[in-house]
Structures are given as C-alpha cells and as structure tokens.
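Note sheet for the following structure.
All figures in this text were calculated on a predicted structure; none of them were measured in a lab.
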Amino acid sequence: MQKAFKYRLYPTRKQERTLFWTLTRCRELYNAALSERKDAYHMAGKSINYFEQKRDLPEIKAEIREEYQDIHSQVLQDVLLRLKKAFDNFFRRVANGQEPGYPRFQGRNRYNSFTYAQSGYSLTQDHRVSLSKIGSLKVTLHRAIKGTIKVTTLEHEAGR
C-alpha cells in the first residue's frame with residue numbers, strides 16, 4: 001500500500017530560484033514534447049511514443065538544450081511520462097466514447113510540480129531533504145516517516 005505525505009520545504013533564495021528554474025525547464029520540455037507529437041501526426045501522420053522521446057533525451061541534453069544537464073535525468077523522464085499519461089487518458093476516453101479532451105499546452109500557472117521518480121533524493125537525520133542538482137533543503141517533518149520513500153514530488157502550492 002502506498003501512502004502520500006506532504007511536508008513543507010524551506011529553501012534558501014538561491015534554492016528557490018533553482019527550483020523555479022527547474023520547474024520552468026520541465027514545463028518547456030512538456031510543451032516541446034507535446035508539440036513534437038502534434039506536429040509529427042499532422043505533417044507525416046506518424047505517432048511518436050514515450051520511448052522514442054525518452055531515447056532522444058540524451059541527445060537533446062548534449063546538443064540542443066545544454067541547460068537540461070543541470071536537471072536530474074529522472075526528472076526529465078518523468079515529464080515525458082506525464083505527457084504519455086495524458087495521451088493514454090485521451091485515447092482511453094476516445095475509445096470509451098467520452099468527451100476526449102486533447103492534452104493541453106501547459107502555462108506557467110498550470111504546471112506546478114516535478115518528480116524524482118526513483119533516485120536523486122534522500123532524507124538526512126537533521127531534517128533536510130537532499131535533492132540532486134538542487135541541494136539540501138530544510139523540511140518540517142510534522143509526522144514520522146514510516147516505510148521507505150519511493151517517489152518525491154516537489155509542488156509549488158499557494159506561493160510556497
């Protein structure tokens with residue numbers, strides 16, 4: 001059984017800028033991947049899937065968008081996984097005859113989180129969360145953590 005716990009982070013100003021910068025790059029990747037899928041279908045009638053886009057990430061990081069090297073690789077992969085889930089839900093609704101709702105381009109106010117899926121994070125004994133390529137952030141642990149942490153999602157909520 002999986003449980004979700006929410007804890008408040010207290011980043012420094014520099015870490016806060018880095019978090020917002022990462023969030024912006026994730027949103028840009030999501031929109032670029034959505035645009036790539038949309039354009040490929042309209043121009044060539046070809047469908048691009050998650051694995052093709054994931055395979056191209058190292059090349060994009062090395063040549064096209066070198067700033068993506070400052071973001072943990074699994075964070076970028078999770079952005080593409082989010083897009084895959086959006087398309088899966090779209091095609092499921094089409095197959096069921098429901099109102100489909102094509103995946104949207106995400107604006108600044110609609111894309112507010114990113115996820116470390118399997119690694120790149122750790123919780124230290126002195127109430128800090130260490131995030132790969134961001135640093136060690138102070139956290140308030142208002143309840144004990146039971147079990148092992150599988151996924152860490154950072155969300156910008158209510159200006160915090």
Problem set entry | Minimum heavy-atom distance between Ala117 and Val151, given as atom pair plus value | O-CG2, 3.5 Å
Problem set entry | ILVMFWY cluster, Phe114 and Leu9 together (side-chain gap under 4.5 Å) | yes
For this session: Show the numbers, then the answer: is there a salt bridge (charged side-chain N to carboxylate O under 4.0 Å, His left out) between Asp88 and Arg92?
Result: CA-CA 6 Å; Asp88 289 348; Arg92 177 186 45 81; over 6 Å; no
Problem set entry | Step-by-step salt bridge (charged side-chain N to carboxylate O under 4.0 Å, His left out) determination, Lys46 to Glu52 | CA-CA 12 Å; Lys46 181 181 178 277; Glu52 292 171 358; 3.5 Å; yes
For this session: State plainly whether one hydrophobic cluster holds both Ile149 and Leu154, where clusters connect Ile, Leu, Val, Met, Phe, Trp and Tyr through side-chain heavy atoms under 4.5 angstrom apart.
Result: yes
Exercise. Should the ring pair Tyr116 and Tyr121 be called parallel, tilted or perpendicular, given that the plane angle runs from 0 to 90° and is split at 30 and 60?
Worked result: perpendicular
Exercise. Closest approach of Arg104 and Gln106, non-hydrogen atoms and distance?
Worked result: O-NE2, 3.1 Å
For this session: Would you check if Thr115 and Thr152 make a side-chain contact, meaning some heavy-atom pair closer than 4.5 Å?
Result: no
Seminar exercise, completed: Output for pair (Thr148 OG1, Leu123 CG), nearest 0.5 Å, gives 12.5 Å
Problem set entry | Heavy-atom pair with the smallest gap, counting every atom of Ala144 and Tyr7 | O-OH, 4.1 Å
For this session: Answer yes when Arg65 and Glu28 have at least one side-chain N-carboxylate O distance shorter than 4.0 Å, and no when they do not.
Result: yes
For this session: Mind checking the CD-CG spacing from Glu63 to Asp56? Nearest 0.5 Å is all I need.
Result: 11.0 Å
Exercise. Which is it for Leu76 and Lys61 under the side chain to side chain contact (heavy atoms under 4.5 Å, CB included) test, yes or no, and what are the steps along the way?
Worked result: CA-CA 10 Å; Leu76 297 175; Lys61 285 173 74 171; 3.9 Å; yes
Exercise. So Asn31 and Tyr111, side chain to side chain contact (heavy atoms under 4.5 Å, CB included) or not? Walk me through it.
Worked result: CA-CA 10 Å; Asn31 288 337; Tyr111 198 94; over 6 Å; no
For this session: Compare all side-chain heavy atoms of Leu83 with those of Gln53 and state whether any distance is below 4.5 angstrom.
Result: yes
For this session: Indicate yes or no for a side-chain donor-acceptor contact from Asn89 to the backbone of Lys85 under 3.5 Å, with no hydrogens or angles considered.
Result: yes
For this session: For Ser113 and Arg82, test the side chains for any donor-to-acceptor distance below 3.5 angstrom and give the result as yes or no.
Result: yes
Exercise. So which of Tyr41, Tyr50, Tyr102 actually passes ring pair (Phe, Tyr, Trp, His ring centres under 6.0 Å) with Phe87?
Worked result: Tyr102
Exercise. Under a 4.5 Å side-chain heavy-atom rule over Ile, Leu, Val, Met, Phe, Trp and Tyr, are Ile64 and Ile48 clustered together?
Worked result: no
Exercise. What pairs with Tyr10 under ring-ring contact (aromatic ring centres under 6.0 Å, His included), at least two apart in sequence or on another chain?
Worked result: none
Problem set entry | Check against side chain to side chain contact (heavy atoms under 4.5 Å, CB included), Arg110 and Phe105 | CA-CA 9 Å; Arg110 291 187 57 87; Phe105 287 98; over 6 Å; no
For this session: Check whether any side-chain heavy atom of Ser119 lies under 4.5 Å from a side-chain heavy atom of His72, and answer yes or no.
Result: yes
Exercise. Should Lys84 and Asn49 be marked as a side chain to side chain contact (heavy atoms under 4.5 Å, CB included) after you check the CA-CA gap, both sets of side-chain angles, and the distance that decides it?
Worked result: CA-CA 7 Å; Lys84 175 193 179 296; Asn49 65 22; over 6 Å; no
Exercise. What are the two closest heavy atoms between Pro11 and Glu16, and how far apart are they?
Worked result: CB-N, 4.0 Å
Problem set entry | Non-hydrogen atoms of Tyr30 and Ala86 that approach each other most closely | OH-CB, 3.9 Å
Seminar exercise, completed: When every non-hydrogen atom of Gly135 is compared with those of Gln15, the smallest separation belongs to C-NE2, 4.2 Å
Exercise. When rounded to the nearest 0.5 angstrom, what distance separates NZ in Lys3 from NZ in Lys150?
Worked result: 15.0 Å
For this session: Is it possible for you to say whether Trp21 and Val79 belong to one hydrophobic cluster, with membership spreading through side-chain heavy-atom contacts below 4.5 Å?
Result: yes
Seminar exercise, completed: CZ (Arg55) and CD1 (Ile60) are apart, to the nearest 0.5 Å, by 10.5 Å
Donor-acceptor list for residues 136-143 side chains, cut-off 3.5 Å, not counting sequence neighbours:
residue : atom : partner : partner atom : Å
Ser136  : OG   : Arg128  : NE           : 3.0

For this session: Determine whether Leu34 and Met43 fall in the same hydrophobic cluster, where Ile, Leu, Val, Met, Phe, Trp and Tyr are linked whenever their side-chain heavy atoms lie under 4.5 Å apart.
Result: no
Seminar exercise, completed: Output for pair (Leu57 CG, Leu29 CG), nearest 0.5 Å, gives 6.0 Å
Exercise. Quick one: CD on Gln69 to CD1 on Ile71, what's the gap to the nearest 0.5 Å?
Worked result: 10.5 Å
Exercise. Does Arg93 CZ have over 12 foreign heavy atoms under 6.0 Å away?
Worked result: yes
For this session: Please lay out, stage by stage, how Glu157 and Lys6 fare under the test salt bridge (charged side-chain N to carboxylate O under 4.0 Å, His left out).
Result: CA-CA 11 Å; Glu157 184 178 83; Lys6 225 181 224 190; 3.1 Å; yes
